[in-house]
Amino acid sequence: DNFQFSGTAANTTTNRDILTDYTSGTEKLVFSKAVYGGFITNPTSSITSAQLVQSSSFTAFTATSQRFGYNSTSGILYFDADGSGSRFSTQQVAVLGTLTHPSSLATSDFSLIA
């Protein structure tokens with residue numbers, strides 16, 4: 001399965017998806033570079049390891065290279081277009097899993113489209 005995020009920018013209160021049965025390594029999270037502006041200059045269709053930060057207690061980005069943050073305890077996937085929260089605010093994009101959450105995500109779980 002591919003879960004595509006391309007129509008509307010993330011918004012913690014009005015546009016956060018719940019993916020009840022997401023499986024890392026099997027399914028893809030597909031993000032539009034036009035909607036998720038932190039990738040406009042990225043010529044590839046993938047993210048780097050520097051752009052994904054994750055832990056069981058993740059709540060905030062710590063480097064401007066980071067774009068996605070994943071909290072494996074809550075299952076919340078976050079996005080920040082500049083990784084600093086200064087120009088763009090951090091938004092919750094989705095909750096991955098309802099009863100259980102993936103223990104981690106891989107950069108290969110993400111795909112970027114125009």
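If you read the sequence from its start, that first residue is 1, and numbering goes on from there.
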Can you sort out the partners of Ser89 under side-chain hydrogen bond (donor to acceptor under 3.5 Å, both in side chains), two or more places apart, ordered by chain and number?
Gln91
Side chain of Lys33, backbone of Ser45: donor and acceptor closer than 3.5 Å?
no
Straight-line distance of Glu27 CD to Leu96 CG, nearest 0.5 Å:
10.0 Å
Which distance, rounded to the nearest 0.5 Å, do you find between the OG of Ser32 and the CZ of Phe5?
12.0 Å
Per side chain to side chain contact (heavy atoms under 4.5 Å, CB included), Leu77 is matched among Val95, Asp17, Leu19, Leu105 by Leu105
Closest approach of Asp80 to Asp82 (non-hydrogen atoms, all atoms of both residues)
OD1-OD1, 2.7 Å
Please find the pair of heavy atoms, one from Leu52 and one from Thr107, that lie closest to each other, and give the distance.
CD2-N, 4.1 Å
So which heavy atom on Tyr78 is nearest to which on Gln92, and how close?
CE2-CG, 3.5 Å
Say whether Ile76 and Phe79 are linked into one hydrophobic cluster, either directly or through other cluster members, by side-chain heavy-atom distances under 4.5 angstrom.
no
Nearest heavy-atom approach of His101 to Thr73 is CD2-O, 3.1 Å
Would a hydrophobic clustering, with Ile, Leu, Val, Met, Phe, Trp and Tyr connected at side-chain separations under 4.5 Å, put Ile47 with Val30?
no
Under the rule for side-chain hydrogen bond (donor to acceptor under 3.5 Å, both in side chains), what residues qualify as partners of Gln4, not counting sequence neighbours?
Ser6
Residues passing the side chain to side chain contact (heavy atoms under 4.5 Å, CB included) test with Ser72, sequence neighbours excluded, are Ser56, Tyr70
Partners of Ser103 by side-chain hydrogen bond (donor to acceptor under 3.5 Å, both in side chains), sequence neighbours excluded?
none
Between Tyr22 (side chain) and Pro102 (backbone), is there a donor-acceptor pair under 3.5 Å?
no
Do Val35 and Leu29 share a hydrophobic cluster, counting only Ile, Leu, Val, Met, Phe, Trp and Tyr and linking them when any side-chain heavy atoms are less than 4.5 Å apart?
yes
Just so I know, are the side chains of Val53 and Phe58 near enough to count as touching, which here means a heavy-atom distance under 4.5 Å?
yes
Decide whether Phe88 and Tyr36 are clustered together by the hydrophobic rule: side chain heavy atoms of Ile, Leu, Val, Met, Phe, Trp, Tyr closer than 4.5 Å, transitively.
no
Partners of Ser46 by side-chain hydrogen bond (donor to acceptor under 3.5 Å, both in side chains), sequence neighbours excluded?
none
Just by distance, do the side chain of Asp109 and the backbone of Gly25 share a donor-acceptor pair under 3.5 Å?
yes
Donor-acceptor pairs are to be reported for all side-chain atoms of residues 61-69 against protein atoms at under 3.5 Å, with residues two or more places apart or in another chain.
| from | atom 1 | to | atom 2 | distance (Å) |
| --- | --- | --- | --- | --- |
| Thr62 | OG1 | Gln66 | NE2 | 3.4 |
| Gln66 | OE1 | Thr62 | N | 2.8 |
| Gln66 | OE1 | Ala63 | N | 3.2 |
| Arg67 | NE | Gly38 | O | 3.3 |
| Arg67 | NE | Ala81 | O | 3.0 |
| Arg67 | NH1 | Thr64 | O | 2.6 |
| Arg67 | NH2 | Ala81 | O | 3.4 |

